[in-house]
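The structure appears right after this line, and notes come after that.
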Amino acid sequence: MARIELNEVAHSYLRKPKNDLDYALKRIHNVWDDGAACALLGPSGCGKTTLLNIVSGLLTPSRGRVLYDGKVVTELPPEKRNIAQVFQFPVLYDTMSVFNNLAFPLRNRGLSEIKIKERVLEVAEILDLTPFLNKRAEGLAADAKQKISLGRGLVRSDVAAILFDEPLTVIDPQMKWYLRRKLKEIHEELKLTFIYVTHDQVEALTFADQVAVMFEGEIVQIGSPQDLFENPEHKFVGYFIGSPGMNFLECTIEGNEARVDGAGIVLDEETAAKGRKAGGKLELGIRPMYLEVHEGSGDGMVKARVKGVEDLGSYRIMALTLAGQTLKARLSEDQPVSGDEVWLAFPPQWIRLFADGRLIR
Amino acid sequence: MEKWPNNRAWFLVLPAFVIVIFSAIIPLMTVINYSVQDIFGPGQAVFVGLEWFQEMLADKRLHGALWRQFLFSGLVLLIEMPLGILIALAMPKKGWGVPVCLITIALPLLIPWNTIGTIWMIFTRPDIGLFGAGMNNLMGIPFDHTDNWLDAWITVMLMEVWHWTPLVVLLAYAGLRAIPEAYYQAARIDGASAWATFLYIQLPKMRGVLTIAFLLRFMDSFLIYAEPFVLTGGGPGNSTTFLSIYLVKIALLQFDLGPGGAFSLIYFVIVLLFSFIFYQALQRIGKGEKV
């Protein structure tokens with residue numbers, strides 16, 4: 001168990017990186033507390049796996065330092081770091097039984113067979129693998145295989161952290177749900193540091209207490225799932241988290257109103273004041289679920305054209321045009337929709353202002 | 001879903017079937033036909049039943065050739081398989097070294113077989129060959145593959161290993177390259193030694209290609225003809241007379257078509273039988289519980 005610290009880490013796969021674009025990771029400065037369940041969330045190619053491999057030691061960063069419990073481990077190979085990693089595809093020693101798979105990391109470290117047996121049985125119990133111990137690992141289902149990969153990390157009682165690299169990619173939907181819960185249980189039971197990489201926001205938000213959102217080689221925001229949803233610090237977070245993502249409208253501030261091409265949207269005192277001070281390109285952001293759609297006009301409402309409605313089962317998504325920009329609103333199942341034009345209300349407490357893509361604080 | 005039977009699809013198999021008839025089935029039938037007759041000349045043949053088979057199975061010279069053949073194939077597999085894997089492991093994984101190594105190693109495979117025999121015959125000649133003359137004159141070790149049976153065997157083995165280990169290397173290298181990087185990463189994280197990584201990751205993952213390499217090398221070495229025929233002609237004495245060389249002697253030089261046919265069929269059955277046994281055994285090694 002350990003507290004993992006990344007100190008000004010940057011990485012480029014090129015030998016002589018020329019500019020920022022050559023870096024897969026631009027500048028990461030971050031601390032994961034001991035025993036935390038953290039997720040790294042981001043689209044494919046944003047540097048999540050690179051970052052994970054730097055933490056585990058499979059990669060040495062071009063710049064910066066990695067610290068475990070305050071000790072510098074930047075140059076240490078993974079076998080000396082005492083870390084475990086679960087990969088996207090189950091990695092097993094096919095010719096071995098499940099027992100021997102679990103025992104393998106311990107045997108490599110020269111533990112006595114008695115201790116190995118004790119430890120393996122313990123871990124197999126936690127992972128519900130006991131009935132399979134004598135089976136060959138090769139023929140098992142994907143979820144059992146991923147549990148074995150995880151088990152190879154758990155058997156080492158002194159493991160510093162367990163890293164997951166999109167571990168549920170090859171798992172069936174129902175088993176995904178079960179494994180996610182299992183992971184959470186194990187985390188609560190063992191209080192190990194878990195770092196979980198994924199591009200699936202549902203996975204990240206349900207698994208982790210703390211989610212770091214990555215975008216183009218940078219961590220753009222770290223926070224609780226609720227924080228990321230309500231106060232995205234970067235346009236990308238607003239857009240990436242939530243389904244569909246946050247709406248953004250280009251606007252200017254006049255008094256207490258945000259003007260969007262002639263229409264005025266009322267802001268609260270504080271937001272408007274901050275908006276007036278900020279420079280750069282201003283945008284107004286609001287989550288589709290907070291945008292209210294009305295059939296008749298009302299105080300402070302704005303008229304918008306309906307482009308279409310998409311039924312997603314338990315709710316519907318309405319696409320709208322307002323001053324040439326597209327908006328999405330989430331409608332409950334029973335809300336009637338008719339006509340080409342509706343009136344939108346923007347509840348001031350859910351409006352966020354962004355300047356040049358960043359939240360105005 | 002129900003499948004519609006479409007018997008016209010059989011026409012697609014027809015070309016392959018016709019080729020197999022002319023390349024395998026008709027020749028085999030001819031051989032079977034020869035093997036049960038005593039042929040004196042065109043149109044003069046007597047049916048003799050299984051007599052040729054009995055005669056060939058009791059032939060001392062065939063026994064000798066058979067044991068030599070087993071010894072030869074055994075040595076070939078024993079040397080070429082580990083050596084091929086070793087070279088494949090030592091080859092670079094990326095960069096300019098890969099094409100250089102691959103082409104250099106594959107060169108012997110591109111040379112016609114009888115040319116290989118000629119190359120080695122000259123290479124090992126005790127009077128003018130680089131190797132033969134070098135051994136005799138520079139090292140002071142008497143070496144003459146035309147006179148000494150051990151020297152002949154050493155020469156044939158060297159030639160065989162030089163010629164065919166590249167095939168094992170190429171197959172093993174392909175197998176190694178197909179192993180996803182995550183396996184090596186997991187092994188590092190699990191603290192596995194290089195030997196453990198080889199034993200539990202590389203070897204099991206190479207099983208498929210190594211099975212193919214093993215069977216190909218067994219069959220080809222068991223059927224070897226052109227190279228030793230050119231190099232030693234089966235001598236000195238009978239020391240390098242392998243099955244195929246003996247067979248050609250009977251069937252084409254003495255023109256004993258009956259015994260030759262019987263011999264061919266026995267030869268064919270042996271190769272088929274051993275290939276089958278090896279294949280089954282190799283499949284089982286992969287599936288059996290190994291601790």
Side-chain angles (χ1 to χ4, degrees), chain A residues 49 52-53 55-59 76-111 113 134-139 145 148-153 155-156 159-163 165-167 169-170, chain B residues 81-82 85 88-89 92-98 171-214 278-291:
Chain A
T49 301
L52 203 66
N53 287 345
V55 172
S56 66
L58 292 168
L59 269 178
L76 286 184
E79 58 270 28
K80 299 233 168 87
R81 288 193 190 191
N82 217 353
I83 198 130
Q85 190 165 349
V86 178
F87 295 90
Q88 193 166 2
F89 299 96
V91 175
L92 295 176
Y93 304 102
D94 301 339
T95 49
M96 293 188 205
S97 66
V98 173
F99 183 94
N100 288 334
N101 257 284
L102 294 175
F104 191 60
L106 300 180
R107 290 204 175 121
N108 289 331
R109 285 169 176 77
L111 258 74
E113 281 297 317
N134 291 318
K135 283 223 174 82
R136 263 165 75 82
E138 200 178 15
K145 286 183 177 176
I148 297 168
S149 306
L150 171 61
R152 285 208 312 271
V155 283
R156 287 148 54 188
V159 71
I162 299 186
L163 314 178
D165 190 357
E166 309 200 12
T169 310
V170 293
Chain B
M81 293 300 291
I85 295 171
L89 283 171
K93 291 176 183 64
K94 54 184 174 195
W96 57 268
V98 176
L171 285 168
Y173 188 72
L176 279 174
R177 291 277 61 76
I179 302 174
E181 192 54 33
Y183 280 89
Y184 294 112
Q185 297 180 335
R188 285 179 69 191
I189 284 167
D190 286 338
S193 61
W195 174 242
T197 307
F198 173 70
L199 211 58
Y200 298 117
I201 293 175
Q202 292 171 321
L203 209 51
K205 293 272 165 214
M206 282 197 288
R207 195 182 88 219
V209 286
L210 289 184
T211 304
I212 292 171
F214 189 94
F278 285 147
Y279 180 72
Q280 291 298 326
L282 288 169
Q283 289 298 96
R284 200 138 317 155
I285 287 175
K287 291 203 183 84
E289 182 55 40
K290 225 174 32 172
V291 179

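So you know, we letter chains A, B, ... as the sequences are listed, proteins then strands, and number each from 1. Quick note: numbers below take in every heavy atom, side chains included, and nothing from hydrogens, waters or symmetry partners.
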Provide the closest heavy-atom pair for B:Y200 versus A:F104 in the form atom of the first, atom of the second, distance. CD1-CE1, 3.5 Å
A:L92, part contacting chain B, at a heavy-atom distance under 4.5 Å: backbone
If I take atom CG from residue A:N53 and atom CD from residue B:Q185, how far apart are they, to the nearest 0.5 angstrom? 5.5 Å
Considering only heavy atoms, which portion of A:R156 lies under 4.5 Å from any heavy atom of chain B: side chain, backbone, both, or neither? side chain
Against chain A, residues from residues 188-196 of chain B with at least one heavy atom under 4.5 Å, in numeric order, are B:R188, B:I189, B:D190, B:G191, B:A192, B:A196
Would you indicate whether B:Y184, at its atom OH, is surrounded by more than 12 heavy atoms from other residues, nucleotides or ligands within a distance under 6.0 Å? yes
